[in-house]
Protein chains: 2
Amino acid sequence: MAGVTNLGGMQDFELRVPRLIDHAAREYAGREIMTYWADGTETRTTWSGIAADARKLAQALERLGMKPGDRIATLAMNHAKHLVSWYGAIGMGGVIHTINPRLFDEQLIYIANHAEDRVLFYDRAFQPIIDRLRDQWTTIEHYVCFDNGEFDALIAGEDGAYAWHEGPERAPCMLCYTSGTTGNPKGVLYEHRSTVIHAMAGISPSVLNVSSLAVILPVVPMFHAASWGLPFAGAISGAKFVYAQVNDPAVLCRLMNQEQVTHSAGVPTVWLAMFQHMDATGEAPQYLQSVTIGGSAAPRAMIERIMAMGADVKHLWGMTETSPIGTAGSKPAHWDAMTHDERLDLISKQGQIPFGVELRVIDDAGVEQPRDGKSSGRLQIRGPWVVKRYFKAEADAIDADGWFDTGDVSVIHPDGTMQITDRAKDVIKSGGEWISSVDLENAACGAPGVAEAAAIGIYHPKWDERPLLLVVRKPGADPSPADINNYLAQHVAKWWLPDEIVFVDSLPHTATGKILKTALRDQYRDYRLASAG
Amino acid sequence: MAGVTNLGGMQDFELRVPRLIDHAAREYAGREIMTYWADGTETRTTWSGIAADARKLAQALERLGMKPGDRIATLAMNHAKHLVSWYGAIGMGGVIHTINPRLFDEQLIYIANHAEDRVLFYDRAFQPIIDRLRDQWTTIEHYVCFDNGEFDALIAGEDGAYAWHEGPERAPCMLCYTSGTTGNPKGVLYEHRSTVIHAMAGISPSVLNVSSLAVILPVVPMFHAASWGLPFAGAISGAKFVYAQVNDPAVLCRLMNQEQVTHSAGVPTVWLAMFQHMDATGEAPQYLQSVTIGGSAAPRAMIERIMAMGADVKHLWGMTETSPIGTAGSKPAHWDAMTHDERLDLISKQGQIPFGVELRVIDDAGVEQPRDGKSSGRLQIRGPWVVKRYFKAEADAIDADGWFDTGDVSVIHPDGTMQITDRAKDVIKSGGEWISSVDLENAACGAPGVAEAAAIGIYHPKWDERPLLLVVRKPGADPSPADINNYLAQHVAKWWLPDEIVFVDSLPHTATGKILKTALRDQYRDYRLASAG
């Protein structure tokens, strides 16, 4: 192609994150960003207000001595000032590092020190964390509380006459740590380019379908995989954001109706809580069009109930390492001809693969499996918004062909729909066959009287492992093990039925709301099944 | 930022066009690409069929001696084989060059020679052009007819085991010439990166809103500004395409109903012809959800009639130099609260600015004008899919800040909506004020009995210029100049009313269907208005 590239062409344009906020401030200047604060007050700003404050914050950060590439951390729930901190830190060339306040102390200490955070913005609700860990954080020079006046004071003296820091599109802009259940958390360093491409893919009709008409209440926290990219996708679309600093379902339900929220996004437990609120009060969100569920799979009964409310349900599958969108549920061409049950079947799976990323399933020998909906194996992913190397790691996290191993076990169906069948380490191996703990749990959650369930493999001399089902009953309900097994027998293969069912008061969860299987496996390590003889 | 870029990050991923067809073939393998051929036959293939044939074509082109960077031309209407030629030529590293068969001979000769096309694929309907110009095309080595068996024979012997040519994302992939009314046509060299980013922006809900549910009949030809990017956008979304090699409204209407077409895109004259067909037969497209109109502004009455058919109407404004999307109509946040007239007012304008490009309006002194809906001036644009330098040009086509001057006169409204008020050279300058020839024409098209109208400025000793309105009457209608002026008086300022109205049998059009103002100005150069005394 020698010479041709000098024969003309298109404009240079770096895919930089500040272009997102510039676009929103220019084209959707007056579109609101609303916040409900923990103290019950409500404030409203706009995309142009966010941009103006972000410029002031960039000035303030430079005044504090921050340099391009420095990590600026947050320990905060969802609100407009948190959004300002993202665009302000990134706009001065910094790397915004969102810390999950639900992590254990030792993880919080490790993460901030490993990231070498220099500034920490935090919600005053997390003051006890600061007080407790401050002495053990070795790199943080400045602590600024978002909601006690300190943040406002920090930027008050700045004039906002600031030109965003320029740099290459492959420069980093954000750092998110995985909340792994084993080993130290690992940091994923998002780049300007990966973030912008991910956001452009995210708004498309087959992914999050975010237009300028969207009013989004992201229940997914901003510290959870970049809030699934919504703060960036929303800027492209000029969506209105409704942020809540608290996750009380009564508050969320009221805000959804008051602000006519069309799009919501969160983990399944958000909806368990909302359903309880709805059942107790008779209230329900009235304007929802699209409910995106990620983090864990939504049980079929949950999907059905949200659909009955008139909203589309989308599964979003992904991980911190994938920015996070890996798949998203979308309607296929033959949607109109599908029955209700066929639609439920489809929506219960993890969705389709957006342009940009590639997914494949391999067996233990590394051989790619056919898209037949049956051949399960380890799920791998590659693409522009997938991790290449963890922060400060010595080696790449991908193989020679660019594939990142997700640790999930899945199948891909002939229509391109991906279905997670389990985490690789959670599969129950019985007699050489695999039982999906996830499928068993989802089925159990549909049984009358069951609020939550977890399935783990217990040692068995004949079968290697057999399932034990741990069940949290609904308040006032009293199902027997036989009741549950009778129900399960209609939904899973006979040999999948748990050998025993144990009722517990609660199940342990990770900081991101997933059932903590490692803790359960530790707790029941010496459990002996009666069937083991 | 020294060092930080070595601390981890995301994967490398070149934004290359073959990734689009790979995605479509992988994720939407069975989605149909249907073609209605000029001889009345219909054929169906799929995205995976297009990809397979494109690989064979890439092999065949290499067999013919084609090298990366070489220009491969087409002279063809819309059909599946034309689509194959795009992905095949681009896939072997070539540059697909779509030639507009409606150009004059001297332009056709100039363009192919200037592009140094080495292969020409063509429809047999254009055989007379080939026969006429073959001796004057100095670089074309291979002529291959799409629809007489030659194209099929060319690829029949290939096995399709071909890995797409790899290269930088800034390499060129497509060449489109502007059909300028003065001077030689100029070539715009699209790049892989600009094309992919443009396609990602194009499918978004606020632009073309193309999901996998979309069934698109692009009336806009593939030789007209890359068919507005639809062949690329459709591959991302897995849309079904319905292609017609002919533009007979009876055929288009039948195909729209037979294939349940949801999305159509074309110039306004397509809809004038469709309305005549509807009026004559009582037939109408039944499944349209979204009608995109570009090339020229749609008259208000046209928009209203399409809306009454139940479809959303979108204006798309752009030019070959902008890939072509510059603005697209989208619903604002307050859409539900707007009256029918307010919606019509909004849709009649050119739409909003998508993420990626920036637009501004400057006055004659180069000063940026406020977005007040009143301050008009020259429209400029910049962004990743905007031309930097024309093919083989000696200098850039943009100013030092990257702005490309569109030659349009426009205003931007406070809500971000852009409105073209005229082509800079078509403005009628009367007494130091500007009369928009476009506004005058659009208003006149609403008058009873008027089929088409053109306004041009005629010399006037007192006012410098005054408008002359040329009118084509509808069949059987006989409006008088007074009838038209009485109607116009309700829609435009008194001083805009044309001094004279001349009835003509037809108006001259450019190869892309726009009224050829230069020809009219030449024809009426010596016209003397009675008002001139």
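Lettering follows sequence order; numbering is per chain, from 1.
A salt bridge links E259(B) with K240(B): at least one charged nitrogen is closer than 4.0 Å to a carboxylate oxygen. Under a 4.0 Å N-O distance rule, the pair R118(B)/D70(B) qualifies as a salt bridge. For the pair E169(A) and R193(B), the salt-bridge criterion is met [side-chain N within less than 4.0 Å of a carboxylate O].
Put simply, of V387(B), D22(B), I236(B), V386(B), the one with the most heavy-atom pairs under 4.5 Å next to chain A is V386(B). Of the listed residues R31(B), E321(B), E191(B), the one with more heavy-atom pairs under 4.5 angstrom with chain A than any other is E191(B). Top candidate by heavy-atom pairs under 4.5 Å with chain A, chosen from K67(B), E27(B), K392(B), is E27(B). Counting heavy-atom pairs closer than 4.5 Å to chain A, the top-ranked of the candidates D12(B), N209(B), L175(B), I203(B) is D12(B). Most heavy-atom pairs under 4.5 Å with chain B: of the set G238(A), A397(A), P205(A), S323(A), this distinction falls to P205(A). Looking only at heavy-atom pairs under 4.5 Å with chain A, the residue among G356(B), G416(B), G187(B) that has the most is G356(B). Here I398(B) is the residue among I398(B), V196(B), V188(B) with the most heavy-atom pairs under 4.5 Å with chain A.
A donor-acceptor pair is defined here as one N or O able to donate and one able to accept, closer than 3.5 Å; such a pair exists between the side chain of Q11(A) and the backbone of G383(B). With S48(A) contributing its side chain and A25(A) its backbone, the two residues share no donor-acceptor pair below 3.5 Å.
S204(A) and S206(A) are not linked by any side-chain donor-acceptor pair at a separation below 3.5 angstrom, with hydrogens and angles left out of the test.
Proximity to chain A is limited to the backbone of P354(B), based on heavy atoms less than 4.5 angstrom apart. With a 4.5 angstrom heavy-atom cutoff, P332(A) touches chain B only via backbone atoms. Of the atoms belonging to A214(B), not a single heavy atom falls under 4.5 Å from chain A. Proximity to chain A (any heavy atom under 4.5 Å) is shown, for I197(B), by both the backbone and the side chain.
The aromatic ring centroids of H114(A) and F391(A) lie less than 6.0 Å from each other.
Here the NZ atom belonging to K314(A) is positioned 14.0 Å from the CD atom belonging to Q350(A), to the nearest 0.5 angstrom.
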Pair H198(B)-Y190(B), ring pair (Phe, Tyr, Trp, His ring centres under 6.0 Å): steps then yes or no
CA-CA 10 Å; H198(B) 179 265; Y190(B) 300 152; 7.6 Å; no
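Proximity of D415(B) to L346(B): side-chain heavy atoms (C-beta onward) are separated by under 4.5 Å at one or more points.
Below 4.5 Å, heavy atoms of chain A meet heavy atoms from S330(B), K331(B), all part of residues 324-331 of chain B.
With sequence neighbours left out, E358(B) forms a side chain to side chain contact (heavy atoms under 4.5 Å, CB included) with R19(A), R26(A), R382(B), W403(B).
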